[in-house]
Each structure stands twice: as C-alpha cells, then as structure tokens.
Amino acid sequence: QVQVVESGGGLVQAGGSLRLSCAASGRTSSAYAITWFRQAPGKEREFVAVIGWSGNSTRYAGSVKGRFTISRDNSKNTVYLQMNSLKPEDTAVYYCAASCAVVTGTPRCDYWGQGTQVTVSS
C-alpha cells in the first residue's frame, strides 16, 4: 500500500512560481513512477508530468514543457513539481499519483492523493 499527499498549492499572480510536493509513504513507494495530473473546473483530469522511479526519466505535457520541472528526492520519498511562468490557464486542482497504467485519456492509477488547489490570477 502506498499513500501520496500533495502540498504547496496556493494563489499566485500570472508569471509567478509555485513548487508542489508529493510525499509518498509505504514500503515500496520509492519504486514507483510518480505522475502529476490536474483538473480544472468543468474539464477532465489531464496529464501534466511524470518521473520514473530513479528520477532519470521525465516526460511533460506540451502545455507545460519548458515551464514546469518534475524532480524527486528518494531519500525524502518526495516528488516535486516546480511551476514557473504560471498562466491563468494553469489554474486547477493538482493531483499526484503512483502506479499508473494509463496517463492519457482516462487515467488509471492505483494510488491518488487528495489534490492541492493552484489558482493563478491575471
């Protein structure tokens, strides 16, 4: 069993930055790739970024590439999402998840966090 808990959301002006954290716990939590998703009001949950268990493999959605950076510190069982040059369209609830078989369309992951709200004002 793995638990993931997000933190770090908040209100920021357009052009600003936030860093989200995803703390994972459980005996094998560091063995999982961790994926960030987001869901804006009235929209489907969408893939944002993923990082492999070692941290050497990352992938980003086109809408955030070049602005967001995903990283992990396995000594702290924590994955980070550094978000720079934020735009109002980045406003959403951000979720991290572990053990995802599908990250596009309807995501299928075994473990989900409760989400953290990110609001970007114009």
(message) side chain to side chain contact (heavy atoms under 4.5 Å, CB included) for F47 and W36? Distances and angles first, verdict last.
(response) CA-CA 6 Å; F47 166 79; W36 283 98; over 6 Å; no

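- Listed by chain and number, the residues in a side-chain contact (heavy atoms from CB on, under 4.5 Å) with E44 amount to none (sequence neighbours excluded).
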(request) Let me see the working for W112 and R45 under side chain to side chain contact (heavy atoms under 4.5 Å, CB included), right down to the final yes or no. (result) CA-CA 12 Å; W112 288 93; R45 194 167 297 190; 3.2 Å; yes

Which pairs of donor and acceptor atoms, one on a side chain in residues 89-101, lie under 3.5 Å apart (sequence neighbours left out)?
unit_1	atom_1	unit_2	atom_2	d
D90	OD1	R38	NH1	2.9
D90	OD1	R67	NH2	3.0
D90	OD2	R67	NH1	2.7
D90	OD2	R67	NH2	3.4
D90	OD2	K87	N	2.8
T91	OG1	P88	O	2.9
T91	OG1	V120	N	2.9
T91	OG1	V120	O	3.4
Y94	OH	R38	NH1	2.9
Y94	OH	D90	O	2.7
S99	OG	D110	OD2	2.7

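- There is a path of hydrophobic side-chain contacts, each under 4.5 Å, that joins L18 to V79.
- Q39 and K43 make their closest contact through NE2-O, 3.1 Å (heavy atoms, listed as atom of the first residue, atom of the second, distance).
- L81 and I51 fall within the same hydrophobic cluster, where Ile, Leu, Val, Met, Phe, Trp and Tyr residues are linked whenever their side-chain heavy atoms come under 4.5 Å apart, directly or through other members.
- Annotation: ring pair (Phe, Tyr, Trp, His ring centres under 6.0 Å) contacts involving residues 49-88, sequence neighbours excluded, are absent.
- For residues 53-91, no residue pair satisfies the disulfide (SG to SG under 2.5 Å) rule, not counting sequence neighbours.
- Put simply, V12 and V64 are part of the same group of oily side chains (I, L, V, M, F, W, Y) that touch within less than 4.5 Å, one to the next.
- The backbone N or O of Q114 lies less than 3.5 Å from a partner atom in the side chain of E6, making a donor-acceptor pair.
- Annotation for V102: hydrophobic cluster partners, listed by chain and number, are none (ILVMFWY side-chain heavy atoms under 4.5 Å, direct or chained).
- Here the CD1 atom belonging to I34 is positioned 8.0 Å from the CD1 atom belonging to I70, to the nearest 0.5 angstrom.
- With sequence neighbours excluded, the residues satisfying side-chain hydrogen bond (donor to acceptor under 3.5 Å, both in side chains) with S17 are N84.
- Linking ILVMFWY side-chain heavy atoms closer than 4.5 Å, directly or via other members, places M83 and V48 in a single hydrophobic cluster.
- Evaluation of the side-chain hydrogen bond (donor to acceptor under 3.5 Å, both in side chains) rule for T106 yields no partner, not counting sequence neighbours.
- Applying the side-chain hydrogen bond (donor to acceptor under 3.5 Å, both in side chains) test to S121 and every residue at least two apart in sequence or in another chain returns nothing.
- Looking only at distances, a side-chain donor or acceptor of T78 sits under 3.5 Å from a matching main-chain atom of K76.
- Under the 4.5 Å side-chain heavy-atom criterion for ILVMFWY residues, no single connected hydrophobic cluster contains both V103 and V4.
- For Y111 against V2, the heavy-atom pair with the smallest separation is CD2-O, 3.2 Å.
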(message) One pair to check against side chain to side chain contact (heavy atoms under 4.5 Å, CB included): T58 and V50. What are the steps and the verdict?
(response) CA-CA 6 Å; T58 60; V50 60; over 6 Å; no

